[in-house]
Amino acid sequence: MQPTKRTILRARPYFSDEDIADALTRIDQSLRTGQLLMGPAVEEFEIIFAQTVGVKYAIAVSSGTAALEIALRCIGIEDREIIVPTETFVASANSVLLAGGLPVFAEIHPDTLCLDLADVVRRIGPKTAGVMAVHMAGLIQPDIEALLQVCQRHGLFLIEDAAHAHGAEIKGRKAGSLGKAGCFSFYPTKLMTTGEGGMITTDDADLAELARSYRNHGAAAHGSEYVRVSTNWRLPEISAILGLVQLRHLEGFVERRNQIAVQYDQALAVTSGIRPLFDHLEFDTRHSYWNYLAVLDEDIDRVELARLLRDEYAIPIAWPYDPPCHLQPVFRDALGCQPGELPQSEHALRHHIALPMHVVLSDDDVSYIVAGLRATLPRARTA
Ligand SMILES: Cc1ncc(COP(=O)(O)O)c(C=O)c1O
């Protein structure tokens, strides 16, 4: 018998009743004092976020994309190349171009969908200034130490696009504390949200000071002068208030996502046609599980599977990010990228899917999703 259809969202933010009440109280204060920008909530959010990541400085900005562009501007990448995994949201590569540099797309490793270290090494040239590691779906690539050593050997910086990785960890070090700067997004589907917003994390005092200037029209650190061309990348107080209530649950959110991932892992291990991208115990890292990625058998039609799941079970699935960056029209035009240039990534991304993942999913919802998969997978086979 088919289970009763229920509405499953693929991703969503969560605010408890208590959090909503707390946020509204603080927003009320902010509205009454009239301090809507650059006030105590932004300052507190930055201090607690920096402590959470284990860095000296955190600079709140208007989006994850702004965080990346500002960090790259602070480092200075004019006319230099930055190695970026092709498997990421376009914002990672756009930020390089917007900061005056050139993204060079590299292969991802099929086992992690993060940068392939060997391919990074192959792409280092005289114009390379740095490498952007994207912690795909919330996984810090297990060989990040080796990547850092390669960067050090070649005099390159490492910047972390940690948009998916709030709370992710490797050997006791948090995402956002591993390179020259970490860049987070607080978009509503992320591990924690401020509506729109972003954060730069760093141990570098000069970079932090420069980032504060860039986010505020190029203002000098002291006095009323403007000392560089920039724009408005500030985070409003109301957004920071939302960030503060979300931040106190980050650990719990990551924990719950890991529990859901274990439930998926166990169920997929005995489901034919699909497997987890990796065994979550295989790597000595703490995944944040922004997304739960699974791999389909090659003869499963992903589009047909998505249609069956949506129409019959109201279960949404997706495949972030296929097409990968080098095959997006914007970069094909701007950079002359061609299909077949990154064959390992193109192949790896043909068969992966992201299952629903957020903290509002109950164990029963996960069982329902697995039941939906088991019922539809055999019918989505092409052979
Ligand atoms: C990997 C990655 N980088 C950067 C961003 C940009 O973040 P924002 O949407 O906050 O600008 C995103 C957002 O989805 C992302 O997934």
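Order of listing sets the numbers, starting from 1, for every ligand and every atom in it. Just so you know, these numbers come straight off a predicted model, no measurement behind them.
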Contact atoms of ligand 1, heavy-atom distance to [X] under 4.0 Å:
{"X": "Ala91", "answer": "4 (C), 5 (C), 6 (C)"}
{"X": "Gly64", "answer": "7 (O), 8 (P), 10 (O), 11 (O)"}
{"X": "Thr88", "answer": "1 (C)"}
{"X": "Tyr321", "answer": "16 (O)"}
{"X": "Ser92", "answer": "3 (N)"}

Q.
Ring-plane angle category for Phe49 and His166, please: parallel below 30°, perpendicular beyond 60°, tilted otherwise.
A.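 Geometry flag for His166 against Phe49: perpendicular rings.
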
Q: Please state whether the rings of Phe253 and Tyr14 are parallel, tilted or perpendicular, taking 30° and 60° as the class boundaries.
A: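 The arrangement is perpendicular - the two ring planes meet at more than 60°.
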
(Q) When you measure from the heavy atoms of Phe184 to every atom of ligand 1, does any distance fall below 4.0 Å? (A)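 Distance cut 4.0 Å: Phe184 fails for ligand 1.
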
Q: Measure the distances from the heavy atoms of Met136 to every atom of ligand 1 and state whether one is below 4.0 angstrom.
A: no

When you compare ligand 1 with [X], is there at least one nitrogen or oxygen pair between them that comes in under 3.5 angstrom?
{"X": "Tyr187", "answer": "no"}
{"X": "Glu196", "answer": "no"}
{"X": "Trp290", "answer": "no"}
{"X": "Ala163", "answer": "no"}

Please give me the minimum heavy-atom distance between [X] and [Y], naming the atom from each residue.
{"X": "Pro320", "Y": "Ala354", "value": "CD-CB, 3.8 Å"}
{"X": "Pro356", "Y": "Leu361", "value": "O-CD1, 3.5 Å"}
{"X": "Arg257", "Y": "Tyr289", "value": "NH1-O, 2.9 Å"}

(Q) Please determine whether side-chain contact (heavy atoms from CB on, under 4.5 Å) holds for the pair His164 and Met136, giving the CA-CA distance in whole Å, both sets of side-chain angles, and the decisive distance to 0.1 Å. (A) CA-CA 7 Å; His164 305 169; Met136 182 49 50; 3.9 Å; yes

(Q) Within this structure, what is the CD-CG distance for the pair Glu237 and Leu242, rounded to the nearest 0.5 Å? (A) 11.5 Å

I need the nearest protein heavy-atom contact for [atom]: residue, atom name and distance, please.
{"atom": "atom 6 (C) of ligand 1", "answer": "Thr65 OG1, 3.3 Å"}
{"atom": "atom 13 (C) of ligand 1", "answer": "Lys190 NZ, 3.0 Å"}
{"atom": "atom 3 (N) of ligand 1", "answer": "Asp161 OD2, 2.7 Å"}
{"atom": "atom 12 (C) of ligand 1", "answer": "Phe89 CD2, 3.6 Å"}

(Q) Looking only at side-chain N and O atoms, does Glu87 offer a donor or acceptor that is under 3.5 Å from a partner on Ser345? (A) no

Q) Taking atom types as modelled and ignoring hydrogens, do the side chains of His326 and Thr86 form a donor-acceptor contact shorter than 3.5 angstrom? A) yes

Q: For Ser362 and Asp365, run side-chain hydrogen bond (donor to acceptor under 3.5 Å, both in side chains): C-alpha distance rounded to whole Å, both residues' side-chain angles, the deciding distance at 0.1 Å, then the answer.
A: CA-CA 5 Å; Ser362 64; Asp365 288 334; 3.2 Å; yes

